[in-house]
Amino acid sequence: MRRFPEGFLWGCATASYQIEGSPLADGASPSIWHRFSHTPGNVQGGDTGDVACDHYRRWRDDVALMRELGLKAYRFSIAWPRVLPDGTGRVNEAGVAFYDRLVDALLEAGIVPFATLYHWDLPGALQDRGGWANRDVVGWFTEYAGLMFERLGDRVQHWITLNEPWCVAHLGHVAGVHAPGMRDLWAGLRVAHHLLLAHGEAVAAFRASRAGRGRIGITLNLAPQHAATSSQTDRAATDRADAYHNRLFLDPLFKGRYPAVLVQHFGEAWPEVTDEDLAIIRRPIDFLGINYYSRSVVADAPGEGLLGIRHVDTAGARTAMGWEIYPQGLYELLVRLHREYGPLPLYITENGAAFDDRLDASGQVDDAERVDYLHRHFLAARRAIDDGVRLEGYFVWSMLDNFEWALGYSKRFGIVYVDYPSQRRIVKRSGRWYRQVIEANGVPE
Ligand SMILES: OC[C@H]1NNC[C@@H](O)[C@@H]1O
Ligand SMILES: [Ca+2]
């Protein structure tokens with residue numbers, strides 16, 4: 001049995017637009033994901049977050065389910081459009097009350113709340129004013145963050161400013177496959193910079209708020225980039241990929257500069273950056289959240305795509321997302337972060353897998369593949385702790401099957417199955433297994 005440190009925070013993660021449903025209830029306003037999913041052609045099957053897991057109404061039962069699973073912590077996100085329907089100014093008390101009740105219920109169940117301020121559901125009203133591409137967003141986000149610190153900061157001690165800024169900038173503004181569906185490299189790079197500035201200003205607001213005695217951090221989706229061959233061109237390609245996927249955020253946050261290779265590669269598209277900006281971005285944080293799913297294998301491909309690279313297929317088994325199952329990448333990533341960007345407390349704020357789960361004849365889900373995936377990744381994390389990495393918690397993505405963005409409900413990541421027509425929750429084999437891991441605070445070798 002490989003035991004984890006005493007007090008290790010085992011949890012699950014979710015996000016507002018993916019589980020809540022009721023997007024316009026009680027005074028909430030449309031988010032950019034409400035608009036994006038209601039715009040035909042954007043989401044597989046025409047799926048939307050209108051109902052999702054109906055968590056906005058079933059939250060009490062879901063907290064009871066978390067307690068049954070024995071979770072020590074729960075990572076959720078706050079829907080900005082519920083609490084500030086215009087994005088700034090007028091507070092929608094009914095929206096605040098939802099999160100207020102949720103936090104109280106979590107504490108009552110002995111579950112530590114981790115609140116993510118932004119998990120992609122920007123108020124549409126702010127998109128109409130330019131959204132993340134407008135530098136004014138820094139003030140808008142700081143106002144929103146300050147409100148939440150004020151209202152929940154007496155009970156929420158762990159705050160994450162942004163979830164996966166890379167996805168917001170690249171998928172939302174360069175590739176255009178996520179909300180707001182923009183395809184503009186100049187805008188996308190500005191968005192990355194504004195996200196980091198907003199993060200930095202929110203950190204300062206946090207320190208000044210009543211929540212200040214808690215911890216604040218950011219969550220980045222990071223993936224090791226491996227060169228397909230040792231050739232100079234493949235190694236250079238891999239460096240570009242690592243810079244764009246990983247260092248674009250890590251370097252300014254922890255080293256106060258952007259990767260030179262990107263500034264050079266993007267040339268005229270690269271935004272105006274001042275030293276004052278960099279000082280804001282690099283304000284010290286209390287932890288780094290890591291969302292890990294897989295690695296990439298990279299080869300040089302002159303003139304192809306944004307970076308002149310292509311991803312090389314590997315033999316390894318894959319999840320239903322087509323992502324290679326590569327647990328050692330988690331170990332490698334954690335050790336790199338500790339050595340190159342740390343040492344600071346780390347949380348795995350997301351790790352998990354989608355598989356084609358089906359109810360069997362007895363109405364259960366025997367998701368042995370997900371058990372194996374999690375088991376191997378838990379062991380990889382445990383090895384990193386042996387090497388001195390200050391890993392303090394692990395949030396499985398996700399507690400419930402939910403709305404997987406442009407793929408809609410076609411992908412199931414939950415350790416609990418959601419039968420959408422009936423909204424029944426059915427704990428999968430992986431959910432029962434995870435409860436035992438948490439109870440033992442460890443996994444068999
Ligand atoms: O693709 C699985 C997850 N990845 N990180 C962000 C989450 O919102 C996704 O559902
Ligand atoms: Ca209260």
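Order of listing sets the numbers, starting from 1, for every ligand and every atom in it. Because the structure is a prediction, the values reported are computed rather than measured.
- When side chains are defined from C-beta on, S410 does not count as touching E404, because their heavy atoms never get closer than 4.5 Å.
- Applying side-chain contact (heavy atoms from CB on, under 4.5 Å) to Y434 and the options L71, V371, V427 leaves one that passes, L71.
- Geometrically, R295 engages Y326 in a cation-pi contact defined by less than 6.0 Å to the ring centre and at most 45° from the axis.
- The distance from ligand 1 to the heavy atoms of F413 drops below 4.0 Å at these ligand atoms: 1 (O), 2 (C).
- Considering backbone and side-chain atoms together, W397 places an N or O closer than 3.5 Å to an N or O of ligand 1.
- Judged by distance alone, with hydrogens and angles left aside, the side-chain atoms of N163 form no donor-acceptor pair with the main-chain N or O of Y118 at under 3.5 Å.
- Residue E164 has at least one nitrogen or oxygen atom sitting less than 3.5 Å from a nitrogen or oxygen atom of ligand 1, judged on distance alone.
- Nearest non-hydrogen protein atom to atom 5 (N) of ligand 1 is E350 OE1, 2.6 Å.
- Neither the backbone nor the side chain of K411 has a heavy atom within less than 4.0 Å of ligand 1.
- Y417 carries R412 over the face of its six-membered ring, with the cationic atom under 6.0 Å from the centre and within 45° of the normal.
- A salt bridge (charged side-chain N to carboxylate O under 4.0 Å, His left out) with K428 is found for one member of D401, D419, D367, D366 and no other, namely D401.
- Counting protein heavy atoms only, atom 1 (O) of ligand 1 is closest to E404 OE2, 2.7 Å.
- Ligand 1 has no nitrogen or oxygen under 3.5 angstrom from a nitrogen or oxygen of W323.
- In the vicinity of Q18, heavy-atom distances shorter than 4.0 Å reach the ligand 1 atoms 7 (C), 8 (O), 10 (O).
- Between H119 and ligand 1, an N or O atom pair is found at a separation short of 3.5 Å.
- R82 forms a cation-pi arrangement with Y56, by the criterion of a distance under 6.0 Å to the ring centre and an angle within 45° of the ring axis.
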